[in-house]
Amino acid sequence: MLIDNFLQGTATLFGDPISILIFIAGLIGGMLFGAIPGISMLTLAAIALPFSGNFSPENAIMFFSVIYCSGVFGGAITAILFNIPGAPENAPTAFDGYPMTQQGHAGKAVGAAVLCSSLGGTASALLMMSATPLIANWAIKSFGPPEIFALVFFGLAVASSVGASSLWKGWLSVLLGLMLATVGQDPVGGITRYTFDSYYILAGIEFVPVILGFFAVSEVFVQIDKRVKGTYAAPRVNLDFPSFMEFWRLKFAVVRSVIIGFFAGILPGIGATLAAFMGYNEAVRWSKNPEKFGKGELEGVVSSETANNAATGAAMIPLLALGLPGGALTAMMIGVFQIHGIEAGPLVFINSNDLVWVVFAAMFFANLAIFFLGWIQTKTVVHLLRIPFHLLAPAIIMMSVIGAYAKRGLIFDVLVMFLAGVIGYFLRRTGYAIPGIVLGLILGKIGEQTFAQTMQIVSYDPIELMMRPIAGLLILAGAITFITSIWRAFSGKRTI
Amino acid sequence: MSNQAADKRTVLIETALWIIFAVVAYVLSFDFDKDIEIYRFNATGWPRVILILTILAALGHWINSWRDIEHGVALPGGDDDAGDTSSGARWSMLAMLVLPLVYAYLLQDVGFYILTPIFIALILFIAGERRWKVLLTVSVALYVFLLLLFARWLFLNLPIGTAEPFYSISNWFLEIIRIGA
């Protein structure tokens, strides 16, 4: 039955030249838009939304789902080569991907990103096809705000160990990120905090300018600093893919990240960004050499890229089975359903089974196509590294300027990006961790919101919170990680 | 001054800066210390816990680093490199850090289209490019690429400036770029 449906969906997808063209357009468009900071796959989806009424319902939904798959992958290449994450979900890829480029292993990093994006997405698509209604019901019932808060707490407990020169500097970096996340309105009463009467930051500090500033702009400053001091060394260009044995050693990391990404994708409001950060964090936690992360560890790239792409297929589960969008792109897909007079939810499997299976087949093949297109990219785009850095620097800065500006059309965001760049430059010089700050910023917002909801749900009773099996287990594991790292720091055993 | 004394002073300044940051932010939190009926911890609970943890982490950093210095352990550094520390190199770096902020400040009045080619050329110059042909070629090529991609093909509305004559010039320029688009 499952195979029949899949073959039927595949035949519909590839039996019509228009469908094939739309599939290719979504694939290439998503990759390109995903790679340009600020001009994300959401921009492409927003541009395409009004025109989706001209497509058949199958082609319209298929187009958006293909954009989602390839868009999440697209930003990995610029994150690895130039420290410019195309979107927040590619930020953890830059933590280790860019140091690998500097060490002359750009080919390996890009190759790993390509293969793992494809693997994560394909595995997620297969899981999605086999058990959508079952998984959706379980996940939605089992994961409430207490479990999501516990997940964030668990993630933060390990965040201090990424990239800083000491454990304390790692913690201070994370805490700075958490503080930045408090700027704007509080999640319960809407009371403004630290806005200094500026309405530009009423909704909080925008992620995109901050991420571009901390990663891309500060990197340009660091490299130009090296040039003017005469210590700059150009990265070697290497097109080698990771060997089979290198991948085989990372098999557990891939499986773990597929599971993390898949469950993060199912949960509304979590999505690919948190999936990538969680996947990365767990790679650090489980590693025998956590001190290598943030300095060019292949497992960091593998974990992040597997997890964020694994979230794409999973995000379709609540959308199709329950009519519940988990993020901005899936919310737009609800709009596409409405344009075509279809109601997303359990009935879609009965009333529009053909449509569902065209989408499933398209996502499966889009993830396979990422591998082949990504392989071509690896052999071509990496050559950009042959251009001397000082000639690339203005291009990186200008792409960042436009990326920061494009999201809201505010010059204020360009200023925020440059300020983040200057602050990031000084923090990096003194051994603080940019990944830690970004982790704090990303996890802080969702952490505070779910904490407030949790407190109301458990009536401010911590015992009631700990009695919830998933939440209790995650909080306990996070607390043990936290206490162990503090104990090691005081006992003189360096963890970084 | 010995290395040990210099390291101790650096750690002390760093710790003090973190504590000052946390105390100032804590004091500022009284501005939004209002009751929320449905939430016991109000809007201040979460940030204040973070700030207290920041002070504790800063003290932890100070205690650990102080102990390491006393035991003669070298403090782990960041991206700071040795190399040329002459005043020329310092001025170049200072110019590199200030230039983007000046660019962002002028963007509102002058606009993207007029300011950007000058900005690109200045970055190249500060980064050490002195061959004027390369400087000119790269600046023009990058500028044209950005215009074609964002202004013509993606129809992105980039800042056109608010002050005259920049506003009129940018509009005229934009019309030319988008001819036939």
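Below, read A as the first sequence line, B as the second, and so on, with proteins coming before strands; counting in each chain starts at 1. Note that these values count all heavy atoms, side chains included, but never hydrogens, waters or copies made by symmetry.
Two residues are said to be in side-chain contact when any heavy atoms from C-beta on lie closer than 4.5 Å; B:Trp18 and A:Leu175 fail this criterion. Side-chain contact between B:Phe21 and A:Leu176 is present, with at least one heavy-atom pair separated by less than 4.5 Å. A:Met398 places none of its side-chain heavy atoms less than 4.5 Å from the side chain of B:Phe145. Taking the side chain as every heavy atom from C-beta outward, A:Asp186 and B:Ile36 approach each other to under 4.5 Å. Here the side chains of A:Gln185 and B:Phe32 are not in contact, with every heavy-atom distance at 4.5 Å or above.
Ranked by heavy-atom pairs under 4.5 Å with chain B, the first of A:Leu178, A:Val188, A:Val217 is A:Val188. Listed options A:Leu419, A:Ile411, A:Thr192 were ranked by heavy-atom pairs under 4.5 angstrom with chain B; first place goes to A:Ile411. Contact count against chain A (heavy-atom pairs under 4.5 Å) is highest for B:Ala58 among B:Gly45, B:Ala121, B:Ser139, B:Ala58.
In this structure a side-chain-to-backbone donor-acceptor pair under 3.5 Å is missing from B:Glu129 to A:Leu391. B:Arg40 places no side-chain N or O within donor-acceptor distance of the main-chain N or O of A:Tyr460, the cut-off being under 3.5 Å. Although no hydrogens or angles enter the test, the distance criterion places no donor-acceptor pair under 3.5 Å between the side chain of A:Tyr405 and the main chain of B:Leu158.
Here the straight-line distance linking atom OG1 of B:Thr44 with atom CD1 of A:Ile191 works out to 8.5 Å at 0.5 Å rounding. A:Leu172 contributes atom CG, which lies 11.5 Å from atom CG of B:Leu17 (distance to the nearest 0.5 angstrom).
Aromatic ring orientation, A:Phe451 versus B:Phe41: parallel (interplanar angle below 30°, classes split at 30° and 60°).
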